[in-house]
Every structure is written in structure tokens, then in C-alpha cells.
Student: 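Can you read through this structure? Questions will come right after.
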Amino acid sequence: MSLTEFDEEEFKRVCYEDGVYDKAVEATANLLKEGISQEMISRCIGLPPEEVQKIAEGLSVQA
């Protein structure tokens with residue numbers, strides 16, 4: 001593995017432990033509430049489109 005390659009699962013684990021994932025979810029929810037498109041949120045926040053969709057569905061259930 002070169003320095004530019006990384007283990008995606010390890011990266012996710014470290015981000016989750018550091019609270020980065022929770023902050024990304026919080027930011028995504030806030031942006032969805034402001035009417036920002038799911039596609040733009042996915043690109044800017046870095047979450048997969050499927051993850052943004054799940055968060056959006058969770059917000060519509062809570063409303």
C-alpha cells in the first residue's frame with residue numbers, strides 16, 4: 001500500500017471514533033432542513049449519496 005492509498009474501513013472507523021462522522025451527519029441534517037439538494041450535500045460533506053438519502057428519510061419521518 002502506498003502513502004496515497006488508504007484502507008477505507010479503517011478511515012471510517014477512525015473518523016467515527018473522532019466524532020467526524022457524527023458532525024457530518026449533523027451538518028447534513030442541518031443543510032437538508034435549509035433546502036440544500038442532497039447531491040450538493042453529498043459532494044460538499046463527503047458522505048455517499050445513499051447516506052444522505054437515509055438522513056433525509058429520517059428527517060421526513062420525524063416531521
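The figures that follow rest on heavy atoms only: side chains count, while hydrogens, waters and symmetry mates do not. Keep in mind the model is a prediction, meaning the values are calculated, not measured.
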Student: If Ile, Leu, Val, Met, Phe, Trp and Tyr residues are connected whenever their side-chain heavy atoms lie under 4.5 Å apart, and connections chain through other members, are Val20 and Val25 in the same group?
Tutor: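 Unlinked, Val20 and Val25 end up in two clusters.
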Student: Sort and list the pairs that fulfil salt bridge (charged side-chain N to carboxylate O under 4.0 Å, His left out) and have at least one residue in residues 25-40, not counting sequence neighbours.
Tutor: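 Counting only pairs at least two positions apart or across chains, the salt bridge (charged side-chain N to carboxylate O under 4.0 Å, His left out) contacts touching residues 25-40 are Lys23-Glu26.
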Student: Would you compute the distance between atom CD1 of Ile36 and atom OG1 of Thr28 and round it to the nearest 0.5 angstrom?
Tutor: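 Rounded to the nearest 0.5 Å, the CD1-OG1 separation comes to 11.5 Å.
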Student: Decide side chain to side chain contact (heavy atoms under 4.5 Å, CB included) for Leu47 and Ser42; before the verdict, give the C-alpha distance in whole Å, the side-chain angles of both, and the deciding distance to 0.1 Å.
Tutor: CA-CA 5 Å; Leu47 289 175; Ser42 177; 5.5 Å; no
Student: Would you sort out whether Val52 and Ile45 count as a side chain to side chain contact (heavy atoms under 4.5 Å, CB included), showing the intermediate values?
Tutor: CA-CA 10 Å; Val52 175; Ile45 299 294; over 6 Å; no
Student: Counting C-beta onward and ignoring hydrogens, is there a side-chain heavy-atom pair between Ile55 and Ile41 closer than 4.5 Å?
Tutor: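 The answer is no, as the side chains (C-beta and beyond) never meet within the 4.5 Å cut-off.
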Student: Show your working on side chain to side chain contact (heavy atoms under 4.5 Å, CB included) between Glu50 and Gln53 and close with a plain yes or no.
Tutor: CA-CA 5 Å; Glu50 301 81 15; Gln53 177 66 34; 5.5 Å; no
